[in-house]
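Take a look at the structure set out below.
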Number of protein chains: 2
Amino acid sequence: MASRAKATILDIAREAGVSKSTVSLVLQGSGLIRPETAVKVRKAIEDVGYVYNRGAANLRKAHSNVIGMVINDLTNPFFAELAVGMERVFQAAGVVPFIANTAENPVRQEEVLKSMMEQGVAGLIVSPARGTTPGAFRRIEAAGVPVVFAMRRLPESRIPAIAPDNHRGAVLATEHLIRKGHRRLAFFGGSSDLVVYRERLGGFLEACETLGIPAADRTIVEGETSRKGGMACLETALALAEPPTAALCFNDAVAFGVMLALRRRNLEAGVDFAVVGFDDVAEAEHYSPALTSVAVDTAGLGERAAHVMLKMIQSRTTRAEDHIGAVSLVVRESSGPDRNNQVGDAA
Amino acid sequence: MASRAKATILDIAREAGVSKSTVSLVLQGSGLIRPETAVKVRKAIEDVGYVYNRGAANLRKAHSNVIGMVINDLTNPFFAELAVGMERVFQAAGVVPFIANTAENPVRQEEVLKSMMEQGVAGLIVSPARGTTPGAFRRIEAAGVPVVFAMRRLPESRIPAIAPDNHRGAVLATEHLIRKGHRRLAFFGGSSDLVVYRERLGGFLEACETLGIPAADRTIVEGETSRKGGMACLETALALAEPPTAALCFNDAVAFGVMLALRRRNLEAGVDFAVVGFDDVAEAEHYSPALTSVAVDTAGLGERAAHVMLKMIQSRTTRAEDHIGAVSLVVRESSGPDRNNQVGDAA
DNA sequence: TCTAATAAATGGAACGTTCCAATAAATCAA
DNA sequence: TTGATTTATTGGAACGTTCCATTTATTAGA
């Protein structure tokens, strides 16, 4: 226990025999102070067990070094990967990201955002909870704090969004399945209150349209965006009179659920039923059979979001361009050809 | 945009025609102010787009409402579950948890802890990164900020730890495998620089000892605590002259890896090789075959840790009792009997 | 009516920083 | 030597709150 009451800059000044201003300068690494003085001060800092009070500093500086990251579902490994990319660039910029989880709950999100604002964050990176109202960020924008959306966007908002090219990804995946000979296709999981859902489903439908899959042969099953949701989707689809032979899933979690449900029925993904996921989380590659998925370069999107954020802070603006990240289809084992309709496909 | 420069308590006072002290009282929900006045003030708060400055407040109050949660690996769903439990109790107490990831890197951890201290957190819940030195928390303790360890503990530290009964869990799991007729047992994953590892391995060895499994029939393979690590462990073990027929894994991630590696070899977990995990993450139940695992009541531990933290803050102490959480073995499909050594076991 | 007690509202100092303007000390040019 | 310049250091005001001690307004008791 170095000291009872917490030490301040004045205690250091006294200890080192200089003024508080000098200590402040040392703390900020100013080149104005004589090296020997700096050494003396730093020793004093060590001796009194000082911890910097950023709250007090921000009172004057008006520019904090923390940015908030507000995530709708921390249990999805996808977001951990996103966070990794962000942390890389923030660390280099001397910015500390604080993460908070909203658990897909708009009320909780409101509280969390309020807290972060009160804490004086310099900016906010948000993956908004489902059901977020457009007004939720009005006050934050009004306060001049930059916000960027990651992965998800809000319908009517002018807040910049960093997201993968969901439409194109879905087109790629759907074309792949059709080229494999599948003619009765399904889209599994998610629900239409999500912009991402509409984009991905839109790509799916467009590819079906273009390549001549009639509407009657398309099955759309909404559901939770989790393993459990995926399992349910498959059961629903297989109960149909003319079940699909392949499915594009809203995300990898849903795809994993579908594969588990297949195994329960003693069917094999890639042989008896083709499955394609979305996001290409690390696990996709290690699954068995390995999951074909749309890779969105999660960490890269995180980096991009962080960069955009830094630029906004620096230029004191609350506006920025959207950024649509490139996607690619990673073909693995789970998306084999339709057994009843083999077509020659080199891939 | 309500206003250019951010509004303060004085702007509200002017707007509402009261003094700043009155506004402060309203903000704190004091019962001393007349209801009509409170209403008037609250309206003004709304009108000027005020956001509370907690930094300034803490300057006087010395008691913040944020506690920091420092996690070694955010990609492990286990920690998300832990966070869920904590958030439940913190929310009720009006405390906001900020999460930061150290990615198992002690240097990063140092930075993150420093940042949180500077931010003036009221307490810290930490799952320390591997390789954390005992001195890492000296300054924090000296500053009188309560710290509790969750899941992991440090060898020589007197900081209270909330963790499951790792030893007992390993004993339960090992006894289960032996009762199933297995005689050549393995312990997969982890490494001996982790206290948790030593506890779990200790339980494994003790059960082997007690139930008469000679040291020659025990295989211990250290490895990464991930799917990939688990896959490597299985390969190593099966390459032995007399390979084991069952394994207790350091955690579920390792167990999933082992099961994937088995499938690659066309072996089935629970039939050709018994696998038991540790932690019982949500996924264990949904895997195929479903994974037998030691349930540690993750969310419950999170709640407990949060409660201990709150009590420490309240009583201004930096000391508390350790808490060892009860564990139970959840038997599912992955831990079938030894095919070559069937014994009558009702379970 | 006046006084005492209670309720409601207020001014000012303090919290730990930063940063500007000012001072002090050292160096240089003449 | 003197003044000008550069290099180090410093005092004090300001940032947005809280909280204590007061003041002012209201109500009750006589």
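Being a predicted model, the structure only gives us computed values, none of them experimental. A note on names: the letters A, B, ... follow the listed sequences, proteins ahead of strands, and every chain is numbered from 1.
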For F90(A), check ring pair (Phe, Tyr, Trp, His ring centres under 6.0 Å) against everything at least two apart and list the hits.
none
Give each protein N/O atom lying under 3.5 Å from an N/O atom of nucleotides 22-28 of chain D, with the pair distance.
none

Heavy-atom check, side chain of I99(A) versus side chain of E87(A), under 4.5 Å
yes
Please enumerate all protein N or O atoms sitting under 3.5 Å from an N or O of nucleotides 11-13 of chain C, with distances to 0.1 Å.
{"unit_1": "dG11(C)", "atom_1": "N7", "unit_2": "S21(B)", "atom_2": "OG", "d": "2.9"}
{"unit_1": "dG11(C)", "atom_1": "O6", "unit_2": "S21(B)", "atom_2": "OG", "d": "3.0"}
{"unit_1": "dG12(C)", "atom_1": "N7", "unit_2": "K20(B)", "atom_2": "NZ", "d": "2.9"}
{"unit_1": "dG12(C)", "atom_1": "O6", "unit_2": "K20(B)", "atom_2": "NZ", "d": "2.6"}
{"unit_1": "dG12(C)", "atom_1": "O6", "unit_2": "S21(B)", "atom_2": "OG", "d": "3.4"}

Compare side-chain N and O positions of Q28(A) against OP1 and OP2 of dC19(C) and report whether any pair is under 4.0 Å apart.
yes
Residue pair P35(B)/A57(A) against DNA chain C: nearer the 5' end by closest nucleotide is P35(B)
More than 12 foreign heavy atoms under 6.0 Å from NZ of K114(B): is that the case here?
no
If an axis is fit to five pairs at each end of the helix from dT1(C)-dA30(D) to dA30(C)-dT1(D), what is the angle between the two, to the nearest 10°?
50°
Would you compute the distance between atom OG of S19(B) and atom CG of L25(B) and round it to the nearest 0.5 angstrom?
8.5 Å
R130(B) and R152(B) have their tightest heavy-atom pair at N-NH1, 3.5 Å
Using the closest heavy atom to pick a nucleotide of DNA chain D for each, name whichever of L32(A) or L59(B) lands nearer the 5' end.
L32(A)
Which ring pair (Phe, Tyr, Trp, His ring centres under 6.0 Å) pairs, counting each pair once, include a residue from residues 38-69 of chain A, with sequence neighbours left out?
none
In plain terms, say whether E46(B) and R139(A) are close enough for a salt bridge, that is, a side-chain N and a carboxylate O under 4.0 Å apart.
yes
Tell me which nucleotide among dG16(D), dT10(D), dA9(C) gets nearest to the side chain of T22(B).
dA9(C)
Tell me whether the OP1 or OP2 atom of dT18(C) has a side-chain N or O from S24(A) closer than 4.0 Å.
yes
Residue pair E303(A) / G85(A): nearest heavy atoms and the distance that separates them:
CG-O, 3.4 Å
Pick base, sugar-phosphate or nothing for T8(A), based on heavy-atom distances below 4.0 Å to the nucleic acid.
sugar-phosphate
What is the separation between atom CG on N58(A) and atom C1' on dC15(C), rounded to the nearest whole Å?
15 Å
Charged N to carboxylate O below 4.0 Å: is that the case for K6(A) and D11(A)?
no
Rounded distance in Å - CD1 (I9(B)) to C1' (dT18(D))
8 Å
What's the closest nucleotide to the V18(B) side chain, out of dG16(C), dT10(C), dT18(D)?
dT10(C)
To the nearest angstrom, how far is L10(B) atom CG from dT17(D) atom P?
8 Å
Is any side-chain heavy atom of I162(A) closer than 4.5 Å to one of I125(A)?
no
Interatomic distance where CG belongs to N53(B) and C1' belongs to dT18(D) [whole Å]:
13 Å
Quick test of your reading of the model: are R138(B) and E156(B) salt-bridged, counting only N-O distances below 4.0 Å?
no
Set of ring pair (Phe, Tyr, Trp, His ring centres under 6.0 Å) partners for F78(B), sequence neighbours left out
none
I12(B) CD1 to dT17(D) C1': how many Å, rounded?
11 Å
Sugar-phosphate, base or nothing in reach of L27(B), heavy atoms under 4.0 Å
nothing
